[in-house]
2 protein chains.
Amino acid sequence: MITLTEENYIKAIFHLGKQGSATVSTNALAEAMHTKASSATDMIKKLAEKNYANYKKYQGVSLTAEGKLVALNIIRKHRLWEVFLVDKLNFTWDQVHDVAEQLEHIKSQKLIDELDAFLDFPTHDPHGDPIPDKHGKFEHVEKTSLSNAKEGGSYVCVGVNDSSVDFLKYLDNNDIALGTTIKVLHKEPFDHSIKIAIDGRELMVSQVVGKNLYLKEN
Amino acid sequence: MITLTEENYIKAIFHLGKQGSATVSTNALAEAMHTKASSATDMIKKLAEKNYANYKKYQGVSLTAEGKLVALNIIRKHRLWEVFLVDKLNFTWDQVHDVAEQLEHIKSQKLIDELDAFLDFPTHDPHGDPIPDKHGKFEHVEKTSLSNAKEGGSYVCVGVNDSSVDFLKYLDNNDIALGTTIKVLHKEPFDHSIKIAIDGRELMVSQVVGKNLYLKEN
DNA sequence: ATTTTTATTTAGATAGGTCTAAAAAATAAG
DNA sequence: CTTATTTTTTAGACCTATCTAAATAAAAAT
Ligand SMILES: [Mn+2]
Ligand SMILES: [Mn+2]
Ligand SMILES: [Mn+2]
Ligand SMILES: [Mn+2]
């Protein structure tokens, strides 16, 4: 039996290390979970005890193969529910996260299999993130951040690094969505702001926006 | 803030007393919750403290107006999710209960409003139970148990008292579903078994079945 | 190579929900 | 009415997940 809290910690370790393989520091994990380092230590011990995590004192934590499967399964559920909310229940991409955080913990294999079929086996969630299949496999989305894009290049928006309401609404307000074509006009060396063109309309975006917007060459 | 456990106790009090108005004994509540009487007592105190329940020592528990609203809201969610599972995800009526027990605790007003609309504002769940509206109002379903039905009468099946997998599968196996027309041919005084006709086919059912099948005059 | 700073772990406490065992109240029997 | 039985409550303990404060290890600075 795995608790809801354990699932959330496992997911956090997965996201902080690259797919859970890299070692994650206690402090980083505590911060991600909005708890204190002492709480994170306790949970890390428990996860190691249950064979979901690799842990040596003072050496950080990573996921075992079993832990990775758990993480991928939760992520699969989270992203499928996000698709459901947007495609079927008129949620916008900035409204889905908190609800999906709850729904991802519902335990029923049939539920998630049927939901997958009902949604016609989607491969990506509303933020462009790939949805693992039932075996945990998913295609790596090829992408560069806008900050790393080439001046003069033409790209299409394929994802976001930050799924916060503020950032997603900012994108909405500026008519940037998944699939939007973006041309990189000028990268300002001074403050790393970037001038881009969307449908012929010019827009100046900050470095923070540049780092959180994922593109693919067009 | 109301916890998942509190919600489940409130729902149990609602179902055990008639709509939460009648007073429920500690033992009855403990049994329904599969806990011990001492645990029930602790929870009753907390619910009273939080103004969801009326409680005087040794006198049983009932719901306050606020507690009833909480109960009705959870029941609304439970039943809407059951409709979703059956109508959209190919669940059968005996497969939905456990999943709905989890889904009923998801907190999001928009989610439940949109789900209601997505399902086209259903008034009854797959077991024939009425779905409260967002204000907690719902129409009383007029019904008699098969045991109380008149010999010679013609009825239509409108609900079940027992939603267990075993009973629902029994009904499936005998081609009894919501909406099925049932004629009462003979009520056996000796063991209270009942001979009924469905589509011209004759069937003998036990007293237990009679008590758990709800009908409406045709 | 010490000292200082930072990161991590441990110790002890609290809150929610559960349990067993024992005490107290209410009900039933004699 | 008094005793026995059942129901309910209380006392004390445990487990999970959290916290603060203190101890220890690792890393950085001098
Ligand atoms: Mn999300
Ligand atoms: Mn997402
Ligand atoms: Mn149900
Ligand atoms: Mn039902």
Side-chain angles (χ1 to χ4, degrees), chain A residues 1-17 20 22-63 67 70-71 74 101-102 104-105 107, chain B residues 1-17 20 22-63 66-67 70-71 74 101-102 104-107:
Chain A
M1 239 258 32
I2 187 164
T3 70
L4 187 147
T5 310
E6 287 166 357
E7 287 187 345
N8 282 331
Y9 271 92
I10 288 172
K11 192 171 57 136
I13 297 168
F14 184 92
H15 282 133
L16 288 171
T23 171
V24 172
S25 80
T26 302
N27 268 356
L29 183 56
E31 188 181 9
M33 294 300 297
H34 304 106
T35 60
K36 295 304 162 74
S38 55
S39 304
T41 300
D42 284 349
M43 182 54 76
I44 289 169
K45 282 182 190 165
K46 189 157 41 137
L47 293 179
E49 182 65 37
K50 291 191 175 185
N51 253 299
Y52 296 121
N54 308 114
Y55 172 58
K56 281 205 227 86
K57 268 195 196 180
Y58 296 101
Q59 311 250 126
V61 64
S62 63
L63 293 181
V70 171
I74 301 167
E101 282 296 314
Q102 299 177 63
E104 70 188 3
H105 300 288
K107 283 165 185 62
Chain B
M1 237 258 29
I2 187 164
T3 70
L4 186 145
T5 311
E6 287 165 356
E7 288 188 345
N8 283 331
Y9 272 93
I10 288 172
K11 191 172 57 136
I13 296 168
F14 184 92
H15 281 133
L16 289 172
T23 171
V24 172
S25 80
T26 303
N27 268 357
L29 183 56
E31 188 182 7
M33 294 300 298
H34 304 105
T35 61
K36 296 302 161 77
S38 55
S39 305
T41 300
D42 284 350
M43 181 55 75
I44 290 169
K45 283 184 191 166
K46 186 154 49 133
L47 293 179
E49 181 66 37
K50 290 192 175 184
N51 253 297
Y52 296 122
N54 307 116
Y55 173 58
K56 280 203 228 90
K57 268 193 195 180
Y58 296 101
Q59 311 248 130
V61 64
S62 63
L63 293 181
E66 201 183 334
V70 170
I74 300 167
E101 282 295 314
Q102 300 177 61
E104 69 188 2
H105 300 289
I106 302 291
K107 283 164 185 61

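We name chains A, B, ... by the order of the sequence lines, and we start the count at 1 in each one.
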Taking only residues two or more places apart in sequence, or in another chain, which ones meet B:E31 in a salt bridge (charged side-chain N to carboxylate O under 4.0 Å, His left out)? none
B:M43 atom CE is separated from D:dT8 atom P, nearest whole Å, by 18 Å
Look at all strands and tell whether B:T41 reaches a base, only sugar-phosphate, or nothing, counting heavy atoms closer than 4.0 Å. base
Please state whether the phosphate of D:dT10, meaning OP1 or OP2, lies under 4.0 angstrom from any side-chain nitrogen or oxygen of B:K45. yes
Closest heavy-atom contact between A:A12 and A:M33? CB-SD, 3.7 Å
Verdict with supporting geometry, A:I2 and A:Y52, side chain to side chain contact (heavy atoms under 4.5 Å, CB included): CA-CA 10 Å; A:I2 187 164; A:Y52 296 121; 3.8 Å; yes
Regarding B:S39, tell me which of base, sugar-phosphate or nothing describes its non-hydrogen contacts under 4.0 Å with the strands shown. base
B:I44 atom CD1 is separated from D:dT8 atom P, nearest whole Å, by 9 Å
Which residues pass the salt bridge (charged side-chain N to carboxylate O under 4.0 Å, His left out) test with B:E7, not counting sequence neighbours? B:K107
For A:N51, give me all partners under side chain to side chain contact (heavy atoms under 4.5 Å, CB included), at least two apart in sequence or on another chain. A:E66
Closer than 4.0 Å, any side-chain N/O of B:Y9 to the OP1 or OP2 of C:dG16? no
Please tell me which of the listed nucleotides, D:dT20, C:dT20, C:dG16, lies nearest to the side chain of A:K36? D:dT20
Spacing of A:D42 atom CG relative to D:dT20 atom P, expressed in whole Å: 14 Å
Does A:N27 have any side chain to side chain contact (heavy atoms under 4.5 Å, CB included) partners at least two apart in sequence or in another chain, and if so, which? A:S25, A:A37
Assign B:S38 to base, sugar-phosphate, or nothing according to its heavy-atom contacts below 4.0 angstrom with the strands shown. base
For B:T5, the side chain to side chain contact (heavy atoms under 4.5 Å, CB included) test, sequence neighbours excluded, returns B:T3, B:Y9, B:M43
Please work out which residues in residues 55-62 of chain A have a non-hydrogen atom less than 4.0 Å from an atom of DNA chain D and list them by number. A:Y58
Return the set of residues passing salt bridge (charged side-chain N to carboxylate O under 4.0 Å, His left out) with A:K50 (not counting sequence neighbours), or none when no residue passes. A:E6
Below 4.0 angstrom, which residues in residues 23-33 of chain A have at least one non-hydrogen atom near DNA chain D? none
With sequence neighbours excluded, tell me which residues meet side chain to side chain contact (heavy atoms under 4.5 Å, CB included) with B:N54. B:S62, B:T64
